[in-house]
Q: 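Could you have a look at this structure, given as structure tokens, before my questions?
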Amino acid sequence: MNKAIRALFPITENYIYMNHAAVSPLSMRVRDAMSGIVDDITRHGTAHYDDWYRTYDQVRTSAARLVNAQPHEIAFMQNTSAAISTVANGLDLREGDNVVTCNVEFPANIYPWLRLGEERGVKMKLAPERDGRIDPDELLSLVDERTRALTLSWVQFASGFRSDLARIGKSCRERGVFFMVDAIQGLGALKLDVERDYVDAFAADAHKYLLGSEGTTLLYVSDRAIDRVKPTVVGWTSVKDYEQFSHGPFDYDLDYRDGALRFECGSLNTVGVYGLGAALDLFLEVGAEKIEEYVLSLSDYLAERLTRKGYKVIGLRNPGETSAIVTCSHERHSPGDLYRSLREKNIITAPRMNRLRISPHFYNTREEIDALVGALPS
């Protein structure tokens with residue numbers, strides 16, 4: 001977006017990096033925040049322990065600001081799979097109930113629900129991908145009187161298709177269906193508003209578009225829906241007086257912390273939380289709306305350039321259905337060959353589901369897109 005932002009990402013000195021849908025490089029701010037806390041612990045151990053907890057609260061507040069939530073509705077988890085499993089296992093799903101999703105979800109949003117089928121007899125109903133998109137009418141047509149949850153990626157990892165959360169969420173709310181969102185491929189690049197979009201819960205690891213590190217995930221569970229998600233993995237920090245061991249005798253009162261905080265069952269990834277905090281501060285400084293506008297303009301430009309060069313861009317790219325991710329194919333070149341050819345030129349992308357996936361972020365430029373498309377074979 002400007003030279004100052006781009007300078008925060010040293011990877012631009014050696015690579016054209018467009019693989020944020022896999023793992024993002026760290027900015028200098030994130031690197032410094034993480035290195036700083038590592039150095040502090042190395043030199044001081046727990047002497048600054050109270051600062052860690054103040055930072056947890058600050059980062060939680062920043063995350064809440066980014067998505068229009070309350071801080072106590074945000075929990076830190078170890079990864080997206082664990083966060084989704086926390087919700088899936090906590091819902092009161094019984095034999096004959098069903099969960100609606102689609103047939104191109106990343107496995108992290110499938111296996112937790114499939115397990116419920118084996119254990120409780122819960123069925124899954126999958127809407128098909130057609131022309132690189134998930135038709136919202138077809139998806140919602142699968143909802144019936146036994147549907148208890150609808151779980152969906154905001155942005156599909158292998159196509160870049162973006163679902164209309166507000167439309168789907170509103171329908172779920174009206175029918176009493178729990179709306180779970182895997183937000184990992186959108187949050188950080190696109191503007192999420194949990195109230196506007198009727199989201200009951202979402203999960204998003206930091207290492208993709210949130211520009212943080214692996215092993216730190218945001219789990220949002222709304223106050224409106226919190227009583228529907230029973231804690232199933234409980235530890236010493238799940239309760240309100242979790243530091244009781246330091247100031248008095250135990251009474252072992254299972255009095256859960258407010259909101260989503262009850263799902264934090266033990267020590268956090270402190271280094272990862274510090275890094276995520278630095279990344280969130282940058283997003284809030286620039287503005288989520290500005291980032292979305294710029295990233296979508298890059299995406300449109302990329303799709304246009306690919307099409308002009310003879311590549312098939314996946315999806316119809318209808319208004320409101322695009323994201324930072326663009327996937328494509330070519331009749332003469334396999335995605336693997338295209339990936340390797342670009343990799344040899346220090347242009348980083350990824351092959352996914354027989355497609356080449358290209359996923360820029362807000363420090364990338366049109367000039368980099370020109371270079372990437374120019375490096376592709378005709």
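Position 1 is the first residue of the sequence, and the numbers go up from there.
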Q: Classify the side-chain pair Ser35/Asp32 by whether it contains a donor and acceptor separated by less than 3.5 Å.
A: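 There is no such pair (donor and acceptor under 3.5 Å, judged by atom type) between the side chains of Ser35 and Asp32.
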Q: Indicate the atoms forming the closest heavy-atom contact of Arg162 with Leu296, along with that distance.
A: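 The answer is NH2-CD1, 3.7 Å.
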Q: Work out which heavy atom in Ser163 is nearest to a heavy atom in Ser153; give both atom names and the distance.
A: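 Shortest heavy-atom contact: OG-O, 4.2 Å.
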Q: Under a 4.0 Å N-O cut-off, is there an ion pair linking Glu264 with Arg257?
A: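 Looking at Glu264 and Arg257, the cut-off is met.
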Q: After noting the C-alpha distance and the side-chain angles of Leu284 and Arg65, does the key distance pass the side chain to side chain contact (heavy atoms under 4.5 Å, CB included) rule?
A: CA-CA 8 Å; Leu284 293 171; Arg65 284 181 57 198; 3.7 Å; yes
Q: Looking at Pro71 and Thr61, what are the two nearest heavy atoms and their distance?
A: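 Minimum heavy-atom contact is CG-OG1, 3.8 Å.
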Q: As an exercise, state the distance from CG of Leu372 to OG1 of Thr349, rounded to the nearest 0.5 Å.
A: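 That separation rounds to 6.5 Å.
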Q: Quick check for you: to the nearest 0.5 Å, what is the distance between Leu306 atom CG and His330 atom NE2?
A: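 The CG atom of Leu306 sits 10.5 Å away from the NE2 atom of His330.
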Q: Any heavy-atom pair between the side chains of Leu298 and Ile369 that's under 4.5 Å?
A: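 Yes. Closest side-chain heavy atoms under 4.5 Å.
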Q: Anything under 30° is parallel, anything over 60° is perpendicular, the rest tilted; go ahead and classify Tyr242 against Trp236.
A: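 Ring orientation of Tyr242 relative to Trp236: perpendicular.
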Q: Are the charged groups of Asp253 and Lys240 less than 4.0 angstrom apart, N to O?
A: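 Looking at Lys240 together with Asp253, the answer is no, because their closest N to O distance does not fall below 4.0 Å.
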Q: Could you tell me whether Arg130 and Glu138 make a salt bridge, using a distance below 4.0 angstrom between a side-chain N and a carboxylate O?
A: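 Salt bridge: yes.
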Q: When rounded to the nearest 0.5 angstrom, what distance separates CG in Leu302 from OG in Ser297?
A: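 That separation rounds to 11.0 Å.
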Q: For residues Arg115 and Asn89, is any side-chain donor paired with an opposing acceptor at under 3.5 Å?
A: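 A pair is found: one side chain offers a donor N or O, the other an acceptor, under 3.5 Å apart.
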Q: Going by an N to O cut-off under 4.0 Å, is there a salt bridge joining Glu129 and Arg355?
A: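 A salt bridge links Glu129 with Arg355.
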Q: Ignoring hydrogens and angles, tell me if any N or O in the side chain of Thr46 forms a donor-acceptor pair with the backbone of Tyr49 under 3.5 Å.
A: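 Looks like no, no N/O pair under 3.5 Å.
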Q: Could you verify whether a donor N or O on one side chain and an acceptor N or O on the other, from Asp144 and Asn98, lie under 3.5 Å apart?
A: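 Yes, because at least one side-chain N or O of Asp144 sits under 3.5 Å from a partner of the opposite role on Asn98.
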Q: Ring centroid separation for Tyr15 and Tyr17, is it under 6.0 angstrom?
A: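 Ring-ring flag for Tyr15/Tyr17: false, centres at least 6.0 Å apart.
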Q: Quick one: do the Gln244 and Asp251 side chains pair a donor with an acceptor below 3.5 Å?
A: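 There is such a pair between these side chains.
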Q: I need the minimum non-hydrogen distance between Leu376 and Leu338, along with the two atoms involved.
A: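 Residues Leu376 and Leu338, closest heavy atoms: CD2-CD2, 4.1 Å.
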Q: Is the NZ or CZ atom of Arg366 both under 6.0 Å from the centre of the six-membered ring of Tyr301 and within 45° of that ring's axis?
A: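 Positive - Arg366 is close enough to the ring of Tyr301 and near enough to its axis.
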Q: Within the 3.5 Å criterion, strictly below it, is a donor on Thr216 or Asn269 matched to an acceptor on the partner's side chain?
A: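 The criterion, which ignores hydrogens and geometry beyond distance, is satisfied for Asn269 and Thr216.
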Q: What are the two closest non-hydrogen atoms of Tyr198 and Arg173, and how far apart are they?
A: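 Tyr198 and Arg173 have their closest heavy atoms at CA-NH2, 3.3 Å.
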Q: Kindly indicate whether the side chain of Leu218, heavy atoms from C-beta on, has any atom under 4.5 Å from the side chain of Leu210.
A: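 With C-beta onward as the side chain, the pair touches.
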Q: Apply salt bridge (Lys or Arg N to Asp or Glu O under 4.0 Å) to Asp200 and list each qualifying residue two or more places apart in sequence or on a separate chain.
A: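 For Asp200, the residues satisfying salt bridge (Lys or Arg N to Asp or Glu O under 4.0 Å) (neighbours in sequence not counted) are Arg224.
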Q: Can you check ring-ring contact (aromatic ring centres under 6.0 Å, His included) on Phe362 and Tyr294, steps first, answer last?
A: CA-CA 7 Å; Phe362 75 128; Tyr294 181 76; 7.9 Å; no
Q: Hey, are Arg308 and Glu304 close enough for a salt bridge, meaning a charged N less than 4.0 Å from a carboxylate O?
A: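 Yes, charged N to carboxylate O under 4.0 Å.
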Q: In terms of side-chain geometry, is the basic nitrogen of Glu285 or Arg29 positioned less than 4.0 Å from the acidic oxygen of its partner?
A: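 A salt bridge links Glu285 with Arg29.
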Q: Side chains of His20 and Tyr363: is there a donor and an acceptor less than 3.5 Å apart?
A: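 Distance-only check passes for His20 and Tyr363.
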Q: Taking atom types as modelled, find out whether Gln156 and Glu105 have a side-chain donor-acceptor pair closer than 3.5 angstrom.
A: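 The answer is yes; a qualifying pair exists.
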Q: What are the two closest heavy atoms between Ala260 and Ala75, and how far apart are they?
A: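 Distance-wise, the nearest heavy atoms are O-CB, 3.3 Å.
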Q: Taking the side chain as every heavy atom from C-beta outward, state whether Thr86 and Thr232 have any pair of such atoms under 4.5 Å apart.
A: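 No, every pair of side-chain atoms sits at 4.5 Å or beyond.
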Q: Is the Tyr53 ring parallel, tilted or perpendicular to the Tyr56 ring (thresholds 30°, 60°)?
A: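 Tyr53 and Tyr56: perpendicular rings.
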Q: Ser334 and Asp337: side-chain donor and acceptor closer than 3.5 Å?
A: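 Yes, a side-chain donor-acceptor pair sits under 3.5 Å.
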Q: Atom CG of Leu26 and atom CG of Leu8: how far apart are they, to the nearest 0.5 Å?
A: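 If we round to the nearest 0.5 Å, Leu26:CG and Leu8:CG are 12.0 Å apart.
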Q: Can you check whether Ile74's main-chain N or O pairs, donor with acceptor, with Arg60's side chain at less than 3.5 Å?
A: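 A pair under 3.5 Å: yes.
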Q: Could you tell me whether a side-chain N or O of Lys125 sits under 3.5 Å from a main-chain N or O of Leu142, the two making a donor and an acceptor?
A: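 The answer is yes, because a donor-acceptor pair under 3.5 Å joins these two groups.
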Q: Would you call the rings of Tyr209 and His361 parallel, tilted or perpendicular if under 30° counts as parallel and over 60° as perpendicular?
A: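 Tyr209 vs His361 ring planes: tilted.
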Q: Does the distance from a Lys or Arg side-chain N to an Asp or Glu carboxylate O, for Lys191 and Asp193, drop under 4.0 Å?
A: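 The answer is no: the pair does not qualify as a salt bridge.
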Q: As a test of understanding, state which of Phe179, Tyr220, Trp154 forms a ring pair (Phe, Tyr, Trp, His ring centres under 6.0 Å) with Phe202.
A: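 Looking at Phe179, Tyr220, Trp154, the match for Phe202 under the ring pair (Phe, Tyr, Trp, His ring centres under 6.0 Å) is Tyr220.
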Q: Can you list the residues that meet the side chain to side chain donor-acceptor pair (under 3.5 Å) rule with His48, with sequence neighbours excluded?
A: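 Checked His48 against side chain to side chain donor-acceptor pair (under 3.5 Å); matches are Asp40.
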Q: So does Arg317 pair up with Glu321, basic N to acidic O under 4.0 Å?
A: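 Looking at Glu321 together with Arg317, the answer is no, because their closest N to O distance does not fall below 4.0 Å.
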Q: Does a side-chain N-to-carboxylate-O contact under 4.0 Å join Lys123 and Asp97?
A: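 Looking at Lys123 and Asp97, the cut-off is not met.
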